[in-house]
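Scroll down for the structure; my scribbles are underneath it.
All ligand and atom numbering here is 1-based and tracks the order in the structure. The chain is numbered in sequence order, starting from 1.
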Amino acid sequence: MKSVSLNGKIFEELLSGDEIQVIVKSLATKINKDYAGLNPIVVAVLDGAFMFAADLVRHFNFEHQFRFVKLSSYKGMESSGEITHLLDLDINISDRNILIVEDIVDTGVTLHHYQRKLSAQAPKNIEICSLLMKPNSLQHKDLAVKYCGQDIADEFVIGYGLDWDYQGRHLPAIYQLRKD
Ligand code: IMP
């Protein structure tokens, strides 16, 4: 099994670069079907979703506007529960379809908070696309992730945009913390 070491911890490969691309393409196929003619605003959440969003939108064949927002809730390997908006949307979203693109939904606190914030600006509809999801850590069971690439176990992962203290983002595959 392929593995990487970061700060003395071992992470084992969970999804190869090729496996990720199969997931990305299959998500894009569904999204292309659902969003034809709707001209949504696609909102990718920095930092983690930058690589996923870049690959995903390359498959999109419908008209849309693409924006980044930057939200932060993580400190090291733990969700802090407090959401900081470091870069906000500067576009009128009223009566628009919004598609949020996220790297991973863990507790769901970040997107639950962000969805509520966007809802206050009266969009027509908000849907979520997340590459990964940890269903066992989800606190907001009502958080609807319409497009989910893959459910994973409740272990910390790095790679393909996901970091541990700003390291590991560049890796083309996704690696999971090995339990010792
Ligand atoms: P949540 O609010 O607990 O759902 O956490 C969402 C954010 O935490 C994600 O957008 C990631 O940036 C980060 N995150 C959650 N789990 C992991 C992980 O296993 N590795 C790296 N970042 C993670």
Side-chain angles (χ1 to χ4, degrees), residues 1-17 19-20 23-24 27 41-57 66-89 98-119 126-180:
M1 170 153 322
K2 290 179 200 155
S3 61
V4 293
S5 164
L6 263 193
N7 296 334
K9 296 221 184 276
I10 306 292
F11 293 80
E12 289 174 339
E13 190 177 277
L14 179 69
L15 291 168
S16 70
E19 286 167 335
I20 294 170
I23 294 172
V24 170
L27 286 169
I41 303 172
V42 176
V43 180
V45 183
L46 291 171
D47 295 323
F50 82 99
M51 215 180 262
F52 171 47
D55 284 342
L56 185 72
V57 298
F66 182 88
R67 312 293 293 188
F68 279 116
V69 293
K70 188 167 159 90
L71 310 175
S72 178
S73 67
Y74 251 61
K75 288 208 169 71
M77 286 195 188
E78 298 283 327
S79 178
S80 72
E82 266 173 55
I83 315 300
T84 322
H85 292 249
L86 303 165
L87 174 69
D88 248 330
L89 266 190
I98 310 293
L99 177 65
I100 300 174
V101 176
E102 176 65 298
D103 52 355
I104 186 164
V105 173
D106 180 5
T107 62
V109 169
T110 307
L111 286 191
H112 182 259
H113 164 96
Y114 190 56
Q115 215 179 18
R116 280 184 56 183
K117 182 181 150 80
L118 289 184
S119 297
I126 303 175
E127 298 293 359
I128 296 169
C129 170
S130 182
L131 177 64
L132 302 174
M133 207 168 160
K134 295 180 189 167
N136 291 340
S137 6
L138 193 65
Q139 288 173 17
H140 291 280
K141 302 288 180 202
D142 56 333
L143 187 79
V145 179
K146 183 164 183 184
Y147 309 98
C148 173
Q150 183 147 319
D151 285 347
I152 63 166
D154 191 9
E155 299 293 341
F156 200 76
V157 287
I158 56 163
Y160 196 65
L162 293 144
D163 74 309
W164 177 27
D165 279 340
Y166 309 108
Q167 292 185 72
R169 269 195 218 288
H170 64 291
L171 298 165
I174 292 176
Y175 298 82
Q176 192 166 52
L177 181 65
R178 190 174 76 190
K179 282 192 228 161
D180 288 320

**Request:** Fit a plane to each ring of Phe11 and Trp164, take the angle between them on a 0 to 90° scale, and name the class: parallel (under 30°), tilted (30 to 60°) or perpendicular (over 60°).
**Result:** tilted

**Request:** Run the numbers for me: atoms of ligand 1, each under 4.0 Å from some heavy atom of Thr110, listed by number.
**Result:** 1 (P), 2 (O), 5 (O), 6 (C)

**Message:** Pairs of nitrogen or oxygen atoms closer than 3.5 Å, one from Phe156 and one from ligand 1: do any exist?
**Reply:** no

**Message:** For Asp47, state whether at least one heavy atom is located under 4.0 Å from any atom of ligand 1.
**Reply:** no

**Prompt:** Taking all non-hydrogen atoms of both residues, which atom of Ala53 and which atom of Ala44 are closest, and how far apart?
**Reply:** CB-CB, 3.7 Å

**Prompt:** Hey, which atoms in ligand 1 end up nearer than 4.0 Å to a heavy atom of Asp163?
**Reply:** 21 (C)

**Message:** Please check whether Ile158 reaches ligand 1 - meaning an N/O of the residue sits under 3.5 Å from an N/O of the ligand, judged on distance alone.
**Reply:** no

**Prompt:** Does ligand 1 have an atom that lies less than 4.0 angstrom from a heavy atom of Gln139?
**Reply:** no

**Asked** By number and element, which atoms of ligand 1 are closer than 4.0 Å to a non-hydrogen atom of Leu162?
**Response** 21 (C), 22 (N)

**Prompt:** Out of Ile104, Asp154, Asp106, whose heavy atom sits nearest atom 14 (N) of ligand 1?
**Reply:** Ile104

**SB check Lys134 Asp151 (cutoff 4.0 Å)** = no

**Prompt:** Going by the order shown, which atoms of ligand 1 are within less than 4.0 Å of some heavy atom of Lys134?
**Reply:** 16 (N), 17 (C), 18 (C), 19 (O)

**Sub-4.0 Å atoms of ligand 1 with respect to non-hydrogen atoms of Glu102** = 10 (O)

**Asked** Do Asp103 and Tyr160 have side-chain N/O donor and acceptor atoms under 3.5 Å apart?
**Response** no

**Message:** Going by salt bridge (charged side-chain N to carboxylate O under 4.0 Å, His left out), name the residues that satisfy it together with Glu155, two or more places apart in sequence or in a different chain.
**Reply:** Lys179

**Request:** Only counting residues at least two apart or in another chain, list the ones meeting salt bridge (charged side-chain N to carboxylate O under 4.0 Å, His left out) with Asp88.
**Result:** Lys117

**Message:** Give me the atom names and distance for the closest heavy-atom approach of Leu89 to Arg67.
**Reply:** CD2-CB, 3.6 Å

